[in-house]
Novice: 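Mind looking over this structure? Questions follow.
The figures here come from the full heavy-atom set of this structure, side chains too, leaving out hydrogens, waters and symmetry mates. Order of the sequence lines fixes the chain letters, A, B, ..., with proteins taken first and strands second; residue numbering starts at 1 for each chain.
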Protein chains: 2
Amino acid sequence: MKRYPHTSRILVALDCIVFGFDGSQLKVLLIKRNFAPEKGKWSLLGGFLDHDEDMNDAGNRILYELTGLKNIYFEELKTFSGVNRDKVERTISVCHFALINIHAHNPDAVKSKNAYWYTLQSLPDLIFDHREMVDLALQKLRYKAALHPIGFELLPPQFTLPQLQKLYEAIYNEKLDRRNFSRKIISTHLLIDTGQKNEGGQTKKAILYALDKHKYQKQFNAFHYFISGFGTSA
Amino acid sequence: MKRYPHTSRILVALDCIVFGFDGSQLKVLLIKRNFAPEKGKWSLLGGFLDHDEDMNDAGNRILYELTGLKNIYFEELKTFSGVNRDKVERTISVCHFALINIHAHNPDAVKSKNAYWYTLQSLPDLIFDHREMVDLALQKLRYKAALHPIGFELLPPQFTLPQLQKLYEAIYNEKLDRRNFSRKIISTHLLIDTGQKNEGGQTKKAILYALDKHKYQKQFNAFHYFISGFGTSA
DNA sequence: TACAAAATGTGTCAAACTGACACAATTTTA
DNA sequence: TAAAATTGTGTCAGTTTGACACATTTTGTA
């Protein structure tokens, strides 16, 4: 047999919400689409699944082309499969989201592809169902970061507790109690005190921590409840 | 423009792990594949995405054809996209899992399609990557049922606390403390005491509860921590 | 008919955790 | 040199958790 009978073949795309954190705000990487239709409009990072690659290959390829980064944290979110979501031809899109250290990506690659970082509050109009994808990705990020140490993927290798707290406050758009947050993070034993303090700081210098990668991987699926009150019935 | 240039179109399938609970064991619905290749071998419930339906339509169609049930709980798990996972032609499969009340499905429809319920301990060999899908689905069910009131989908409309506990014990394959489990479930306020007791029981008759559907939907995304110790670093 | 056996419903208690809040130490700046 | 901003750590009452005991109900059987 060469093909299955009575079936229809369609295009499979991969779109990805790339999150970054600049120290005070959560940002999303958007790209100016350079082919028709909707050429020149804002879109998520994406591409078509090639005949000789699986989804993981495609994700790595697409993320590498734009950011110059390998081994990026990304995970699958949902398949968007509306019949008319692309007017040219039937295309389903497997939506992913990625978390990167915003200071580590290659700004030249980003610029040359006409990509820019947008805050969630100032997103431009997006093509197709990409806005829906962003909303879902934020929802998933909030869910997952409340339970698992996923937030560290958005920070540089060394960071302070106040920086980590600012990240969580940006993700949930709410203030957290400094003392309780600190207690929670320290009690995970996921952080290693580097013995150093952050330079260029203001007022009191904070301790620089690094992630204990071994414990991080081992405990990744453990529940941590980083955010109190998140997920309650309210 | 009629089509995107330099792209490859592929088949999109939907496969679904259908879970059921017979009162003591967690079971999976498997089907004898009735077309080549691998005809006659065991497979998950599945089908191809048609040109005029989205993934949700396809899932409902496929589940209805086999079980005779509508409004089944099902959710997307992951897209399996290995290049050679189907030898006939490139096919990606969007894997889902479904939870049904095992006593509500249409046994004639199931029988006529050559489908049977298997326990997780006695699964036959499955085609393609379907075994991997089952393992992932069980993992996801365990994860989700520990946090959200998803387990009720596997029970009849009225059930007792001991029945609910047996379900959780089957899902996690471990014994739970009856008193602490009861306290946890009652404290969610998701159950309504029907005032009735279960008939045909043994020894003491237990209270029959029904799910408070309104609260269930409202609190579905809340965290409940049904299973203590699940997701800890151990 | 009464009693053992099995299963169900509810209660107790110490340990751990949570949320709210106070105080001391460090660094910059006026 | 002192005020202001920021960071690190501690306290304490209220809540939740895990381990465990006891009383009640129903069946079956001596």
Novice: Nearest whole Å is fine: how far is C/dT27 P from A/K197 NZ?
Specialist: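 One finds 6 Å between P of C/dT27 and NZ of A/K197, rounded.
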
Novice: A/R183 or B/T160: which one's nearest nucleotide on DNA chain C is closer to the 5' end?
Specialist: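 The 5'-side residue here is B/T160.
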
Novice: Centres of the B/F223 and A/Y225 rings: under 6.0 Å?
Specialist: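 Centroid separation for B/F223 and A/Y225: 6.0 Å or greater.
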
Novice: Starting at CG of A/L208 and ending at P of D/dT7, how long is that distance when rounded to a whole Å?
Specialist: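 Distance, rounded to whole Å: 12 Å.
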
Novice: Between D/dT7 and A/K204, counting only base atoms on the nucleotide and side-chain atoms on the residue, is there a donor-acceptor pair under 3.5 Å?
Specialist: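 Flag set: donor-acceptor pair detected.
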
Novice: Expressed in angstrom and rounded to an integer, what is the separation of B/L161 atom CG from C/dT10 atom P?
Specialist: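 After rounding, the gap between these two atoms is 9 Å.
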
Novice: Do NZ/NE/NH1/NH2 and the carboxylate oxygens of B/D125 and B/K41 come within less than 4.0 Å?
Specialist: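 B/K41 and B/D125: not salt-bridged.
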
Novice: B/N198 has an atom CG; how far is it from atom P of D/dT26, in whole Å?
Specialist: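 Computing the B/N198:CG to D/dT26:P distance gives 11 Å.
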
Novice: Can you tell me the distance, in whole Å, between the OH atom of B/Y225 and the P atom of C/dA16?
Specialist: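 Computing the B/Y225:OH to C/dA16:P distance gives 20 Å.
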
Novice: Determine whether the side chains of A/E76 and B/T79 contain a donor N or O and an acceptor N or O closer than 3.5 Å.
Specialist: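 Short answer, yes.
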
Novice: What is the distance from NZ of A/K175 to C1' of C/dG19, rounded to the nearest Å?
Specialist: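 Taking atom C1' of C/dG19 as the reference, NZ of A/K175 is at 18 Å.
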
Novice: Consider the side chain of B/N180, meaning its heavy atoms from C-beta on, and name the nucleotide among C/dG9, D/dA19, C/dA20 that approaches it most closely.
Specialist: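 So the side chain of B/N180 is nearest to D/dA19.
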
Novice: Please state how far atom CZ in B/F181 lies from atom P in C/dT10, giving the value in whole angstrom units.
Specialist: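 Between P of C/dT10 and CZ of B/F181: 15 Å.
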
Novice: Is B/D57 salt-bridged to B/R61, going by a charged N under 4.0 Å from an acidic O?
Specialist: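 Judged by the 4.0 Å cut-off on N to carboxylate O distance, B/D57 and B/R61 do not form a salt bridge.
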
Novice: Looking at B/K184, I'd like to know whether one of its side-chain N or O atoms comes within less than 4.0 Å of OP1 or OP2 on D/dG18.
Specialist: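 For D/dG18, OP1/OP2 do have a side-chain N/O of B/K184 under 4.0 Å.
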
Novice: Atom CZ of A/F226 to atom P of C/dC17: distance rounded to whole Å?
Specialist: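 After rounding, the reported distance stands at 15 Å.
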
Novice: Below 6.0 angstrom between ring centroids: does that apply to B/H148 and A/Y143?
Specialist: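 Close enough - the centres of the two rings lie under 6.0 Å apart.
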
Novice: Would you indicate which nucleotide in C/dA7, D/dT6, D/dG10 comes nearest to any side-chain atom of A/R179?
Specialist: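 Closest nucleotide among those given: D/dG10.
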
Novice: I want to check one thing: is the phosphate of D/dT27, taken as OP1 and OP2, less than 4.0 Å away from some side-chain N or O of B/K205?
Specialist: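 B/K205 to D/dT27 OP1/OP2: side-chain N or O found under 4.0 Å.
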
